[in-house]
Amino acid sequence: IIARFFGITMDELFNYRLDALTYKERFIRFMADNGVLQFGEFALKSGRISPYFINTGNYRSASQISKLGEFYAECFREHNIDSNLLAGNTHREIPIVIATSMSLFNRYGMDMHYNIGSSAGKALEPQDKVTLIKDTLTSGNTLKANLQAHAEKCVTDIIVSVDRMEKSAISSLSARKEIERSYGVHIHAIVTLEDIIRATENGIVGGLEYIAPLKRYREQHGGE
C-alpha cells in the first residue's frame, strides 16, 4: 500500500530515495506498477496497432485515485496555471477532478471550484477560467467535443495524463498543437510518449524490447 501510494516498487521503498526520480518518472512508474501503462500489441479505435496502451480503467482504488490527483495537482503547479475552476465530464474524469481539487487544497492551500458535466459543482460563468481534466490525448476528437460542451471560451487550460503526441485527425500537426491553435487553449501533459520512451531507456520501467517499436510508432504516427 505504501509503495503504491508513492508510485514506486517495493524495492524502491527500501532502497531508493523518492527524490531520486522526477515527478514525471514517478508517474510513469506509478502507471506501470498499477497496470495502466502496458506494452505489447494493441488495436486502437483509430485502427492503428500500438506497441503501448494507457488503460485508465485500471485505476480502481482510493490509494490509486488519491495519488493520481497528486500528479495532476503537481502538473497544475509546475505550469503555474491561472485558473479558478476544474472541470470534467466523463465518469472516469469525475474522481480525478475531485482528487485533484482536494490535492491542490491539502498540499498547496488552493481552494478551487469544480464542475462535473455541467450538473454538479459550480455553474460556469463567463468570467471563469476553466481547466479541463482529461485522461489521454490521442487524436483529439473527444477533447474537441468536450471543449464545445464546456463553453469553450471559459476554458483556458487542459491537463492530460498522457499526450501520445499523435497527428490530429485533420492535419499533420499533433493533436495537441492543432487544438491549441484552433481553440486558443494551453494543453499540459503530465507525461508524453517521449517521456515514456526515455524512462524505458533509463530503466525506470521494464520494456526495453519495446523501445524500437515505440520509436517507430512515434516516427510513423507522430504529429509535427
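Hydrogens, waters and symmetry mates are skipped; everything else that's a heavy atom, side chains included, is used.
Across all non-hydrogen atoms, the minimal contact from P95 to I65 is CB-CG1, 3.7 Å. The minimum heavy-atom distance between A123 and D128, with the atom names listed, is O-OD2, 3.7 Å. Minimum heavy-atom separation, C75 to I159: SG-CG2, 4.0 Å. Counting all heavy atoms, side chain and backbone alike, G140 lies closest to A175 at N-CB, 4.0 Å. Listed here is the closest heavy atom pair of R60 and G57: NE-O, 3.3 Å. In terms of heavy atoms, A32 sits closest to V205 at CB-CG1, 3.6 Å.
Side-chain contact between L143 and I187: present, with at least one pair of heavy atoms (C-beta onward) separated by less than 4.5 Å. Proximity of I28 to D195: side-chain heavy atoms (C-beta onward) are separated by under 4.5 Å at one or more points. Using a 4.5 Å heavy-atom cutoff, the side chains of M31 and V191 are in contact. For the pair L37/F30, no side-chain contact is recorded, criterion being any heavy-atom separation below 4.5 Å from C-beta on. A 4.5 Å side-chain heavy-atom check between L132 and V185 finds every atom pair outside the cut-off. At a threshold of 4.5 Å between non-hydrogen side-chain atoms, the residues N58 and Q38 count as touching. A heavy-atom distance below 4.5 Å is not found between the side chains of Y52 and P213. For the pair R176/V160, no side-chain contact is recorded, criterion being any heavy-atom separation below 4.5 Å from C-beta on.
The only option from Y114, Y72, F105, F76 that meets the side chain to side chain contact (heavy atoms under 4.5 Å, CB included) definition with T100 turns out to be Y72.
The backbone N or O of V155 lies less than 3.5 Å from no partner atom in the side chain of K129, so there is not a single donor-acceptor pair. A donor-acceptor distance shorter than 3.5 angstrom exists from the side chain of R29 to the backbone of I204, with no hydrogens or angles considered. No donor-acceptor pair closer than 3.5 Å links the side chain of T131 to the backbone N or O of L86. With hydrogens and angles ignored, the 3.5 Å screen pairs no side-chain donor or acceptor of D163 with any backbone N or O of A189. When atom types are taken as modelled, the side chain of T200 and the backbone of I196 share a donor-acceptor pair closer than 3.5 angstrom. The main-chain N or O of F53 is never found under 3.5 Å from a side-chain atom of S50 such that the two would form a donor-acceptor pair.
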Exercise for the section: Begin from the C-alpha positions of N115 and V130 and carry the test side chain to side chain contact (heavy atoms under 4.5 Å, CB included) through to its verdict. Expected result: CA-CA 9 Å; N115 176 281; V130 177; over 6 Å; no

Practice task
Show your reasoning for whether salt bridge (Lys or Arg N to Asp or Glu O under 4.0 Å) applies to E70 and R26.
Solution key: CA-CA 11 Å; E70 290 184 15; R26 285 189 285 110; over 6 Å; no

Exercise for the section: Please lay out, stage by stage, how L214 and L193 fare under the test side chain to side chain contact (heavy atoms under 4.5 Å, CB included). Expected result: CA-CA 8 Å; L214 286 168; L193 174 55; 4.1 Å; yes

Practice task
Go through the steps for F27 and T22 under the test side chain to side chain contact (heavy atoms under 4.5 Å, CB included), then give the verdict.
Solution key: CA-CA 9 Å; F27 181 61; T22 68; over 6 Å; no

Exercise for the section: I would like to know whether E178 and R181 meet salt bridge (Lys or Arg N to Asp or Glu O under 4.0 Å); could you show each step before the answer? Expected result: CA-CA 5 Å; E178 193 266 317; R181 179 176 296 182; over 6 Å; no

Handout entry: Worked check of side chain to side chain contact (heavy atoms under 4.5 Å, CB included) between K67 and N34
Key = CA-CA 11 Å; K67 191 61 186 176; N34 288 281; over 6 Å; no

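Counting only residues at least two apart or on different chains, the side chain to side chain donor-acceptor pair (under 3.5 Å) pairs with a member in residues 204-217 are R164-Y217, E166-Y217, E201-K215.
In this structure, I190 CD1 and F71 CZ are separated by 7.5 Å, a value rounded to the nearest 0.5 Å. Here the straight-line distance linking atom NE2 of H188 with atom NZ of K134 works out to 15.5 Å at 0.5 Å rounding. Rounded to the nearest 0.5 Å, atoms CD1 (I133) and CD1 (I94) are 13.0 Å apart. With rounding to the nearest 0.5 Å, the separation of CG in D157 from CD1 in I81 is 4.5 Å. Rounding to the nearest 0.5 Å places CD1 of I158 at 11.5 Å from OG of S83. A distance of 13.0 Å separates OG in S103 from CD1 in I96, rounded to the nearest 0.5 Å.
The 12-atom threshold is exceeded at CD of E125, counting heavy atoms of other residues, nucleotides or ligands nearer than 6.0 Å. Within a 6.0 Å radius of CE in M110, more than 12 heavy atoms belonging to other residues, nucleotides or ligands are found. Counted within 6.0 Å of NE2 on H221, heavy atoms from surrounding residues, nucleotides or ligands total more than 12; the atom is thus considered enclosed. Within a 6.0 Å sphere centred on CZ of R48, heavy atoms belonging to other residues, nucleotides or ligands number more than 12. Atom NZ of K122 has more than 12 heavy atoms from other residues, nucleotides or ligands within 6.0 Å.
V162 and I49 are members of different hydrophobic clusters when ILVMFWY side chains are connected at heavy-atom separations under 4.5 Å.
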